[in-house]
Visitor: 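Attaching a single structure in structure tokens format; questions to follow.
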There are 2 protein chains.
Amino acid sequence: MFSQTVEYALRAVCFLAGQAPEARTTDQIATATRVPKAYLSKVLQGLSRGGIVHSQRGLGGGITLVKTPDQLTVLEVVNAVDPICRIQECPLGLAAHGVRLCPLHKRMDNALAQVEASFRESTLAEILAEPSESIPLCDFPMPHNEAEVCADPC
Amino acid sequence: MFSQTVEYALRAVCFLAGQAPEARTTDQIATATRVPKAYLSKVLQGLSRGGIVHSQRGLGGGITLVKTPDQLTVLEVVNAVDPICRIQECPLGLAAHGVRLCPLHKRMDNALAQVEASFRESTLAEILAEPSESIPLCDFPMPHNEAEVCADPC
DNA sequence: TGATAATTGGACAAACACGTCCAGTTAACA
DNA sequence: TGTTAACTGGACGTGTTTGTCCAATTATCA
């Protein structure tokens, strides 16, 4: 139900959060997160336009997070690349329904609201800090800053 | 975040639930739910293959629900046409993660689980019975069985 | 200033979602 | 049996998502 673009964006941001405040190149992110490099660059452009990451051209450049991991939520990342669109009004355009949704669409919107809420409550810092047998993006237990193979909170 | 197909399927099923146990033709459903008729027929085929509706060819034929509205959940309808796929294993295919998801994918899967749960708890009968200013699929308050303009729980 | 490393943007392509159209099939009814 | 109503299946068209490739641009460093 989540698009590939959302999946890729979250992987990239998780990797960057683990490396923060260091900049990482698209190549490094692609390798660590196992996302096709050329497509990742498009996703990162979206994150850049959405104010989630900052990109620096030229030698020594790369991508950095705009916010610190504890200030950045999953919802912000998702909304930057593939916004969660709540159901604002009757999809059938029925005049009588207006702003008040019918029971069906109210339930669908409630489901969206739940997703929105749980994504709003998750910060990247929390995700990185959570004790788990699986370290985000890493295929093995690893120390901070050796991110060659480790980058996606998978 | 929900596909058009899911939206259309739910409208159709809501309409049928309101008319149950009477059969309704694709034409009637399309008009009431404001779904493109030709495409609706494809969606109904999916619902038929998924065991949600029964279709009867020939004069006097049409579409009926297989279950009664109180036995049919929103989740069953959704899964018949566009299944909610929980995250079963690490999308990166990291061996070390195996069945245990990392914190990121655990959160994404939790969001899916919430949607699944709230859809599983909603029956069509509940949706139709819910007191609301907006009657599903109807542009005005209307009695049962005058469904020309009313069919989608919007 | 020249070489190198990096992002950017546009053109392109494949797969899928959404939607249309129509000939074929099935069933009821007179 | 013939006519009419209704679903079925396939072919097709269009737009979006996902993905690739490459020339242009920007920035660092010697």
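Remember, predicted model here, so these are calculated numbers, not experimental data. Residue numbers start from 1 in every chain, and the chains themselves are labelled A, B, ... in the order their sequence lines are given, proteins ahead of strands.
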Visitor: Can you check whether B:Thr26 has a side-chain N or O nearer than 4.0 Å to OP1 or OP2 of D:dC7?
Guide: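 Yes.
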Visitor: How many angstroms lie between atom OG1 of B:Thr5 and atom CG of B:Asp82, to the nearest 0.5 angstrom?
Guide: 6.5 Å
Visitor: Reading nucleotides 14-30 of chain D 5' to 3', which nucleotides get B (base under 4.0 Å from a protein heavy atom), which S (sugar-phosphate only), which -?
Guide: ----BBB----BBBB--
Visitor: In whole Å, what is the span from the CD1 atom of A:Ile63 to the P atom of C:dA6?
Guide: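 These atoms are roughly 11 Å apart.
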Visitor: Does a side-chain N or O from B:Ser55 land closer than 4.0 Å to OP1 or OP2 of D:dT8, or not?
Guide: yes
Visitor: Quick check on contacts: within residues 43-53 of chain B, what sits under 4.0 Å from DNA chain D by heavy-atom distance?
Guide: B:Gln45, B:Arg49
Visitor: Quick one: do the B:Thr73 and B:Arg120 side chains pair a donor with an acceptor below 3.5 Å?
Guide: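 No, no side-chain donor-acceptor contact under 3.5 Å.
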Visitor: Mind checking what makes side-chain contact (heavy atoms from CB on, under 4.5 Å) contact with A:Pro36, not counting sequence neighbours?
Guide: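 A:Pro36 satisfies side-chain contact (heavy atoms from CB on, under 4.5 Å) with A:Tyr8, A:Tyr39 only.
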Visitor: Under a 4.0 Å threshold between the charged nitrogen and the carboxylate oxygen, would A:Glu76 count as salt-bridged to A:Lys67?
Guide: yes
Visitor: Rounded at 0.5 Å granularity, tell me how far CG in A:Leu124 sits from CD in A:Gln71.
Guide: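 Rounded to the nearest 0.5 Å, the CG-CD separation comes to 11.5 Å.
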Visitor: Taking all non-hydrogen atoms of both residues into account, name the closest pair between B:Glu89 and B:Leu101 and its distance.
Guide: C-CD2, 3.6 Å
Visitor: Just the rounded figure in Å: distance from P of D:dA5 to CD1 of B:Ile29.
Guide: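 The answer, rounded to whole Å, is 18 Å.
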Visitor: Could you state the atom-to-atom distance from CG of B:Asp27 to P of D:dT4 in whole Å?
Guide: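 That distance rounds to 17 Å.
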Visitor: B:Leu40 has an atom CG; how far is it from atom P of C:dC21, in whole Å?
Guide: 15 Å
Visitor: Any side-chain heavy-atom pair from A:Leu112 and B:Phe2 closer than 4.5 angstrom?
Guide: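 They are in contact (side-chain heavy atoms under 4.5 Å apart), so the answer is yes.
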Visitor: CG/B:Leu44 to CD1/B:Ile29 distance, rounded to the nearest 0.5 angstrom?
Guide: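 Going from CG on B:Leu44 over to CD1 on B:Ile29, the span is 5.0 Å.
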